[in-house]
Amino acid sequence: MGFVWHVALRYFRSTRADAHIRVLSSLTAGGLAVGTAALVLALAALSGFQNHLLTDLARHTPALQVELAGSGAGVPGEAAEEPAALVAWAAATNGVSAVQELLYARGWLAVGASVQQVEILGFEKAPPVWIPVGDRAARGLIVPIAVAQKLGLAVGETVRVFSPRPGLTPLGPRPRTRTLPVAGIYRSDRADYEELPVLLPLEEAAALFAGGDRRLDLTLEPEAEQELVAGFLRETVDPAKATVVGWREANRALLFVLRLEKSLVFSAVVLIVAVAAFALLASLSLVLSSKRSEVGALAAMGAPPARLQRIFLALGALLSVGGAGLGGALGAGVAAFLDRFRVISLPPDVYIVEYVPFLVRGSDVLIVVASTVVFTGAASLLSARRASRLDPVEAMRSART
Amino acid sequence: MISVSGVTKAYRDGEVRRQVLRGVDLELAPGGTVAIVGPSGSGKSTLLNILGALDTADAGTVRIDGVDVSASRPAALAGFRNRSLGFVFQFHQLLPDFTAIENVIMPGRIAGRSAASLLADGLELLDQVGLRDRAADFPQQLSGGERQRVAICRALVLEPPVLLADEPTGNLDAASGEQVLELLAGLRRRRGTTMVLVTHNPEVARRCGSVLRLDGGRLTPA
């Protein structure tokens, strides 16, 4: 063992002997343990929630979307031929296993005197897999339960669907409307963080909402890499006709908020570690005061300032590593326990998950360790620099006064 | 070997400026020994600290073994102190967290040598001052005289060419003092160690090659 660690370890042992230093160094280690445990737990809880949210999002969002240009222009029939060609182009792309054409629009449902504005989703073949419709073979109008309850609808009853775009008749423009029977009602397992659409077969939706936004949802083969397929599609498609969007890109705002949330929680909780680092600074200052004459003697014997500095950096590491290590292990252990046994439950009608999930990520632990090292390193460096700048004569004189 | 020329040193004591050294000159050949005597507060320890590169002079030059210690950088001076100087302080300055033998070999550890390579030399020195069986004791388990003898062993362990000692026998009884003086004399005979000793003890002064008196900030033959 080298000189620096030899002296640092002996000084570390001596912190156990002095009552004041022992109390302060125990508080330091305890503070660091609490700080790192809190950080690991907070990040694990956030990661757990975000993991659930992102998994749910990925399940309810197609891997790739192709938004068709020219749609939504309000000119009926304008884009009628383009989708077919683009569907064929997308379906022929390597890695794409299925293509579904969709149409989005806004309209109204009316039952007697009750009118409800809704989002309309026109679907090709069967409802999209991310819409939790019980009877996937149902054809016709399928409404979310919230809309059905508001309008007092049941399966088999009829409802009038209104389009905001007028149709031209010999008598002049007239509202486009159609009376359709309710073929199904669906209940989503998702919370009310977005409006759920009313589903219509594509041909019905196109007839009513010809100017709606057209989109192709692409399902990829399991082994296909989303970025590669998206890159190929972007290179081959005429950007004037379509835009290729990945699910991360489509949810960019949400993902940004999730990252921001994590950063803010980290910044708040890391203050505990900062406070513990101040305690470390106090501990090391106390050690330095009690060892002042000895540091002077070491300097007189030829220990250069840089090595005296390293002794106190090493001592800071010894005082902080135990606490931070214990806290990290404690935080990870508690997080794993809480997740495994689902200890903290949540109201299922409010949250998308019935318990508080915890997920300990290696990268999160690394960030916690790095922040602890930065704070404790800075605290140790302050004391270490003071040690290296001691005047040996003055320091040794202090032992006699 | 040791060449001191025109060294001055003053301290500020509140509003009062106190001139401790007023143009001190000293020449000491390799292997020479000099005792510096003088009343308390005359600046003997200050001169020793300047010679040992622990303190800096306001003016003048100090050259030891060809090195201008008054113009060297702190890191270079640290290495120089470790390699070329042995210190015996008035108050032993042992490290209380280390055993006697660990204290003795500490300069070697600072020099980067392993404990194993220093152990034999350290134990031999402790044997010479009658403390071999106390090697594993901590300073607080030793008497004042024993601590001072351990401190002397520490100063000698790397066999430095220059030894600076501030009252090396000040805390020792007659027998222990005699042991220490014999140790120093043996070192000078074997290694030709140059020694500067600050002392109040006439017997210590008598055994040195020359005796100088520091009084009023000036060094004169006693």
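The sequence lines fix the lettering, A, B, ..., with proteins before strands; numbering per chain opens at 1. Since this is a predicted model, take the numbers as computed values, not measurements.
Between the CZ atom of B/Arg154 and the CZ atom of B/Arg147 there is a distance of 12.5 Å, given to the nearest 0.5 Å. Here the CG atom belonging to A/Asn51 is positioned 11.0 Å from the CG atom belonging to A/Leu258, to the nearest 0.5 angstrom. One distance of note links CG of A/Leu260 with CG of A/Leu255; it measures 12.5 Å at 0.5 Å rounding. Rounding to the nearest 0.5 Å gives a distance of 4.5 Å between CZ of B/Arg132 and CG of B/Leu123.
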### Query
Checking side chain to side chain donor-acceptor pair (under 3.5 Å) for the pair A/Thr28/A/Ser283: CA distance, chi angles, key distance, verdict?
CA-CA 7 Å; A/Thr28 301; A/Ser283 291; 2.9 Å; yes
### Query
Does the side-chain contact (heavy atoms from CB on, under 4.5 Å) test come out yes or no for B/Val20 and B/Thr8, once each step is laid out?
CA-CA 7 Å; B/Val20 181; B/Thr8 65; over 6 Å; no
#### Entry: Test log, rule side-chain contact (heavy atoms from CB on, under 4.5 Å), inputs B/Asp166 and B/Val88
CA-CA 6 Å; B/Asp166 195 353; B/Val88 179; over 6 Å; no
### Task
Might you work through the side-chain contact (heavy atoms from CB on, under 4.5 Å) test for B/Arg134 and B/Leu126, ending with a clear yes or no?
CA-CA 8 Å; B/Arg134 309 298 303 273; B/Leu126 285 174; over 6 Å; no
### Task
Step by step, work out the side-chain contact (heavy atoms from CB on, under 4.5 Å) result for A/Val270 and A/Leu39.
CA-CA 7 Å; A/Val270 85; A/Leu39 257 180; 3.9 Å; yes
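Looking at heavy atoms from C-beta onward, B/Arg188 lies in side-chain contact with B/Thr33 at the 4.5 angstrom threshold. B/Gln128 is listed as a side-chain neighbour of B/Glu124, based on a closest heavy-atom distance under 4.5 Å. Here the side chains of B/Val150 and B/His92 are not in contact, with every heavy-atom distance at 4.5 Å or above. When side chains are defined from C-beta on, B/Thr194 does not count as touching B/Leu163, because their heavy atoms never get closer than 4.5 Å. Between B/Leu119 and B/Ile101, some side-chain heavy-atom pair lies under the 4.5 Å cut-off. Between B/Pro139 and B/Leu95 there is no side-chain heavy-atom pair separated by less than 4.5 Å.
Contacts between residues 106-115 of chain B and chain A, defined by a heavy-atom separation under 4.5 Å, are made by B/Met106, B/Pro107, B/Arg109, B/Ile110. Within residues 39-51 of chain B, the residues having any heavy atom less than 4.5 Å from a heavy atom of chain A are, in residue-number order, B/Asn49. Within residues 355-389 of chain A, no residue has a heavy atom under 4.5 Å from a heavy atom of chain B. For residues 303-330 of chain A, a heavy-atom distance under 4.5 Å to chain B picks out A/Ala303, A/Pro304, A/Pro305, A/Arg307, given by residue number.
Using a 4.5 Å cut-off between heavy atoms, A/Val7 touches chain B through backbone and side chain atoms alike.
Taking B/Asp97, B/Leu158, B/Asn82 one by one and counting their heavy-atom pairs under 4.5 Å with chain A, the maximum is reached by B/Asp97.
Taking the six-membered ring for Trp and thresholds of 30 and 60 degrees, B/Phe87 and B/Phe89 have nearly parallel ring planes, at less than 30 degrees apart.
With no hydrogens or angles considered, no side-chain donor-acceptor pair links A/Ser47 and A/Gln50 at under 3.5 Å.
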